[in-house]
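Because the structure is predicted, anything quoted here is derived from the model rather than measured. Just so you know, residue 1 is the first one in the sequence shown, and it goes up from there.
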Amino acid sequence: MSRSTTSGPSQRMLRVGEQVRHALSETLQRGEIIDPVIENSVVSVSEVRMSPDLKIATAFVSPLGAGDDNAVVEALNKHAKFIRGRVSGALRQMKYMPEFRFRLDTSFDNFAKINELLKSPEVARDLGDGKNNDKDEE
């Protein structure tokens, strides 16, 4: 039986990533991390990507209400081992507890840029021309 050679994550990686995301979100919500940078902001975990061997979890976070988003990500990375210990109870079923790495989630910025492009006059003009061409063909 041949395996697909796609570079996308496996079903197992996606499932475990979602379990880790939930456990991580609950831990951050409880406010157990004693750091003024993290305490003064709400951290949203939008996605967790697991390595193929499930030993590294890269968490994409969006700090809300923080002045410096990068400072929050640095603080989370500084407390990654503490967070790993707190999350371990919710992830008892895993053979290895993953190492956490935190990255700033920029996908919302990308969505905003795409949305602005779609609302631009050039795109509206092109969409308008496409409708007029359909009428001419009838």
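- A 4.5 Å side-chain heavy-atom check between Met94 and Val16 finds at least one atom pair inside the cut-off.
- At a threshold of 4.5 Å between non-hydrogen side-chain atoms, the residues Ile38 and Pro63 do not count as touching.
- Qualifying side chain to side chain donor-acceptor pair (under 3.5 Å) partners for Gln93, counting only residues two or more places apart in sequence or in other chains: Gln19.
- One finds the OG atom of Ser46 at 13.5 Å from the CZ atom of Arg103 (value rounded to the nearest 0.5 Å).
- The side-chain heavy atoms of Leu54 and Met13, taken from C-beta on, include a pair separated by under 4.5 Å.
- Counting heavy-atom neighbours within 6.0 Å of Gln11 CD, excluding the residue itself, gives a total of 12 or less.
- Both Val87 and Val48 are assigned to one and the same hydrophobic cluster, defined by single-linkage of ILVMFWY side chains at heavy-atom distances under 4.5 Å.
- Applying the side-chain contact (heavy atoms from CB on, under 4.5 Å) test between Phe102 and each of Thr58, Val43, Ile83 identifies Ile83 as the sole match.
- Heavy-atom minimum distance, Pro98 versus Arg84: O-NE, 3.3 Å.
- With Leu64 as the partner, the side-chain contact (heavy atoms from CB on, under 4.5 Å) test is satisfied by one option alone out of Val42, Val72, Asp69: Val42.
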Taking only distance into account, with no hydrogens and no angle test, what donor-acceptor pairs under 3.5 Å do side-chain atoms of residues 28-35 form with protein atoms, sequence neighbours excluded?
from	atom 1	to	atom 2	distance (Å)
Arg30	NE	Glu32	OE2	2.9
Arg30	NH2	Thr27	OG1	3.4
Glu32	OE1	Arg86	NE	3.3
Asp35	OD1	Val37	N	3.0
Asp35	OD2	His79	NE2	2.8

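- Val45 has its side chain within reach of Val61: a pair of non-hydrogen atoms, C-beta onward, lies under 4.5 Å apart.
- Between the side chain of Arg101 and the backbone N or O of Ile56 there is no donor-acceptor pair closer than 3.5 Å.
- With sequence neighbours excluded, the residues that form a side chain to side chain donor-acceptor pair (under 3.5 Å) with Glu18 are Arg21, His22.
- Going from atom OH of Tyr96 over to atom CG of Asp53 covers 9.5 Å, rounded to the nearest 0.5 Å.
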